[in-house]
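These values consider heavy atoms only, across backbone and side chains, with no hydrogens, waters or symmetry-generated copies. Worth saying up front: this structure is predicted, and the values here are computed from it rather than measured.
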Amino acid sequence: PQGKFLIGYTGTMALANALESFVEAARLLKDHQSIHFLLVGDGYLKAELQSKSADLTNITFLPKIRKNQVQAMLKQVDVCFVGRNDSPLFQHGVSANKYFDYILAAKPVLDANNYIKDPVELSGCGIIVRPESAEAIAEGILALYGMSPAERAQLGQLGYAYVTKHHSIRYLAEEYLEVMG
């Protein structure tokens, strides 16, 4: 929607992405007329999430898009969302492609995640909140909404600088060669 502060999610709508709390945050923020939630993708939980939010006017679901369309879509959002369940499984690391899609788009990221050392923490490109908590997600959204566009752009640039330095083919190849001795 034009003129709205868009919080975007792209990817599979499945249990591991903890989108139930994201949708519930939309309910908590329904009276904030300028904040809108956008979920792009498919997955076995999509119909359930749509049903739970059918009465809300601040949330839009779009179908899955091709990988080569993701960056163009991300240009339309103000903040990107990554959610994780509060599970010990994630103590061992997470490598979601969406982190890199979001960060390459130079967007600030709202990260609902207990287990740190992910690209958001390492780069400083966003806010990390408690997972599976609609209240924490809503607070994070309001904090990002309260920032100036320049402050949000600065967060996005921190992420972009981090990922282009530490995840480039050249850097990763040099690291590999160093480890291999």
Side-chain angles (χ1 to χ4, degrees), residues 1-11 13 16-41 45-46 48-62 70 73-87 90 94 96 98-163:
Q2 270 315 62
K4 299 284 186 177
F5 180 78
L6 285 178
I7 302 96
Y9 169 84
T10 61
M13 295 182 205
N17 297 308
L19 293 171
E20 299 86 350
S21 300
F22 187 60
V23 168
E24 188 56 32
R27 183 169 303 289
L28 294 174
L29 296 174
K30 69 181 185 216
D31 294 330
H32 291 267
Q33 298 295 318
S34 56
I35 297 176
H36 197 87
F37 292 68
L38 177 65
L39 290 93
V40 179
L45 286 181
K46 184 173 184 175
E48 181 182 331
L49 295 170
Q50 287 174 307
S51 177
K52 287 182 177 183
S53 62
D55 62 319
L56 298 176
T57 59
N58 66 338
I59 190 165
T60 300
F61 290 85
L62 295 177
V70 170
M73 191 283 302
L74 291 175
K75 287 182 182 180
Q76 308 307 311
V77 304
D78 296 288
V79 171
C80 298
F81 176 76
V82 176
R84 293 282 166 242
N85 290 308
D86 189 7
S87 169
F90 298 117
V94 175
K98 68 179 59 47
Y99 280 118
F100 298 100
D101 290 338
Y102 295 170
I103 293 170
L104 282 172
K107 294 296 178 174
V109 178
L110 177 61
D111 189 8
N113 184 1
N114 267 350
Y115 302 104
I116 309 305
K117 298 299 180 209
D118 66 21
V120 175
E121 181 192 30
L122 295 172
S123 69
C125 73
I127 295 176
I128 299 170
V129 298
R130 189 172 67 255
E132 295 187 61
S133 170
E135 293 80 9
I137 293 168
E139 288 171 15
I141 290 167
L142 290 174
L144 289 159
Y145 176 72
M147 292 179 179
S148 70
E151 290 170 314
R152 287 191 300 270
Q154 184 177 17
L155 289 177
Q157 286 303 313
L158 287 171
Y160 185 81
Y162 171 82
V163 80

Can you check whether [X] reaches [Y] side chain to side chain, under 4.5 Å on heavy atoms?
| X | Y | result |
| --- | --- | --- |
| L38 | Y9 | no |
| L155 | L144 | yes |
| V79 | I141 | no |
| V82 | Y102 | yes |

If you round to the nearest 0.5 Å, how far is [atom2] of [Y] from [atom1] of [X]?
| X | Y | atom1 | atom2 | value |
| --- | --- | --- | --- | --- |
| H32 | F5 | NE2 | CZ | 12.0 Å |
| F61 | S53 | CZ | OG | 4.0 Å |
| L142 | I127 | CG | CD1 | 10.0 Å |
| D111 | K98 | CG | NZ | 11.0 Å |
| L49 | L39 | CG | CG | 7.0 Å |
| L56 | K30 | CG | NZ | 7.0 Å |

With no hydrogens and no angle check, is any side-chain donor or acceptor of [X] less than 3.5 Å from a backbone partner on [Y]?
| X | Y | result |
| --- | --- | --- |
| R152 | M147 | yes |
| S148 | E151 | yes |
| K4 | N58 | no |
| K107 | V77 | yes |
| N17 | L19 | no |

Search all heavy atoms of [X] against all heavy atoms of [Y] and return the closest pair with its distance.
| X | Y | result |
| --- | --- | --- |
| P119 | C125 | O-SG, 4.4 Å |
| I128 | N113 | CG2-O, 3.4 Å |
| N85 | A18 | OD1-CB, 3.5 Å |
| S123 | L158 | O-CB, 3.5 Å |
| P131 | A112 | CB-O, 3.7 Å |
| I59 | H36 | N-CE1, 3.4 Å |

Going by the rule salt bridge (charged side-chain N to carboxylate O under 4.0 Å, His left out), which residues pair with [X] if we only count those two or more places apart in sequence or in a different chain?
| X | answer |
| --- | --- |
| D101 | K67 |
| K46 | D42 |
| D55 | R27 |

Exercise. Quick one: do L74 and T10 satisfy side-chain contact (heavy atoms from CB on, under 4.5 Å)? Show the steps, please.
Key: CA-CA 9 Å; L74 291 175; T10 61; 4.2 Å; yes
Practice problem: State which residues pass ring pair (Phe, Tyr, Trp, His ring centres under 6.0 Å) with F37; sequence neighbours excluded, sorted by chain then number. | Solution: F22
Quiz item: Who are the ring pair (Phe, Tyr, Trp, His ring centres under 6.0 Å) partners of Y162, not counting sequence neighbours?
Solution: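 Ring pair (Phe, Tyr, Trp, His ring centres under 6.0 Å) check on Y162 returns H166, H167.
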Quiz item: Stepwise, does the side-chain contact (heavy atoms from CB on, under 4.5 Å) test hold for Y99 with V120?
Solution: CA-CA 8 Å; Y99 280 118; V120 175; 3.7 Å; yes
Quiz item: Of all residues at least two apart in sequence or in a different chain, which pass the side-chain contact (heavy atoms from CB on, under 4.5 Å) check with E135?
Solution: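 Here the qualifying residues are L28, S133.
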Exercise. Could you check L122 against K117 for side-chain contact (heavy atoms from CB on, under 4.5 Å), going step by step and ending with a plain yes or no?
Key: CA-CA 6 Å; L122 295 172; K117 298 299 180 209; 4.0 Å; yes
Exercise. Test side-chain contact (heavy atoms from CB on, under 4.5 Å) on Y145 and I7 and set out the steps.
Key: CA-CA 10 Å; Y145 176 72; I7 302 96; over 6 Å; no
Quiz item: Under 6.0 Å from the CD atom of E20, do we count more than 12 heavy atoms belonging to anything else shown?
Solution: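 Yes - once you tally the heavy atoms of other residues, nucleotides and ligands closer than 6.0 Å, there are more than 12.
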